[in-house]
Amino acid sequence: MAKRNNDNQPIQDILKEFVQTNNLQSGLDKVDVREAWANLMGNGVNNYTTAIELKHETLYVQLSSSVLREELSYGTDKIIKMLNESLNKEIVKKLVLR
């Protein structure tokens, strides 16, 4: 049973506490990484992206174009850096293009 708190608190603090107590941060990180990929890569890459999955600090991206996969493989370090800067934390350590 959750404790009742009669003090006035900002909604931001309440939501942070809720996320921490229910261990929801990993799920939120997965959603944030998908959004960051879509924003950073643009429509050209998003049209060929079929699946994005974050598992244990490794981002798996499935692409339908082998040519695009090869081109992106040359800049994986830069993509990882851009994603982490966009998320303001070190979530992605490795990028696997499928």
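By convention here, the first residue in the shown sequence is residue 1. These numbers come from the heavy atoms of this one structure, side chains and all, not from hydrogens, waters or symmetry mates.
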**OP:** Might you point out which heavy atoms bring Leu68 and Tyr48 nearest each other, and give the distance in Å?
**Re:** CD2-CB, 3.7 Å
**OP:** With sequence neighbours excluded, tell me which residues meet side-chain hydrogen bond (donor to acceptor under 3.5 Å, both in side chains) with Glu71.
**Re:** none
**OP:** In sequence, state the C-alpha distance, the side-chain angles, and the governing distance for Val96 and Thr58, and then conclude on side chain to side chain contact (heavy atoms under 4.5 Å, CB included).
**Re:** CA-CA 7 Å; Val96 176; Thr58 302; 3.8 Å; yes
Original post:
Under a 4.5 Å cut-off applied to non-hydrogen side-chain atoms, are Ser86 and Asn39 in contact?
Top reply: no
**OP:** To the nearest 0.5 angstrom, please state how far the CD atom of Glu90 sits from the CD atom of Glu85.
**Re:** 10.0 Å
**OP:** State plainly whether one hydrophobic cluster holds both Val92 and Leu40, where clusters connect Ile, Leu, Val, Met, Phe, Trp and Tyr through side-chain heavy atoms under 4.5 angstrom apart.
**Re:** yes
Original post:
Is the backbone N or O of Ala38 less than 3.5 Å from a side-chain atom of Asn46, with the two atoms forming a donor-acceptor pair by type?
Top reply: yes
Subject >> Value rounded to 0.5 Å, distance of NZ in Lys94 from OH in Tyr60 >> reply: 6.5 Å
Subject >> Straight-line distance of Leu97 CG to Ser66 OG, nearest 0.5 Å >> reply: 12.0 Å
Original post:
Any link between Leu28 and Phe18 through a network of hydrophobic side chains (Ile, Leu, Val, Met, Phe, Trp, Tyr) touching at under 4.5 Å?
Top reply: yes
**OP:** Could you name each residue pair satisfying salt bridge (charged side-chain N to carboxylate O under 4.0 Å, His left out) that touches residues 18-44, not counting sequence neighbours?
**Re:** Asp29-Lys89
Subject >> salt bridge (charged side-chain N to carboxylate O under 4.0 Å, His left out) partners of residues 44-64, not counting sequence neighbours, each pair once >> reply: Glu53-Lys55, Glu57-Lys93
Subject >> Test applied, side-chain contact (heavy atoms from CB on, under 4.5 Å); reference residue, Met41; option that passes from Asn47, Leu72, Thr49 >> reply: Leu72
**OP:** Could you point out which residue of Thr50, Leu54, Leu95, Val45 forms a side-chain contact (heavy atoms from CB on, under 4.5 Å) with Val61?
**Re:** Leu95
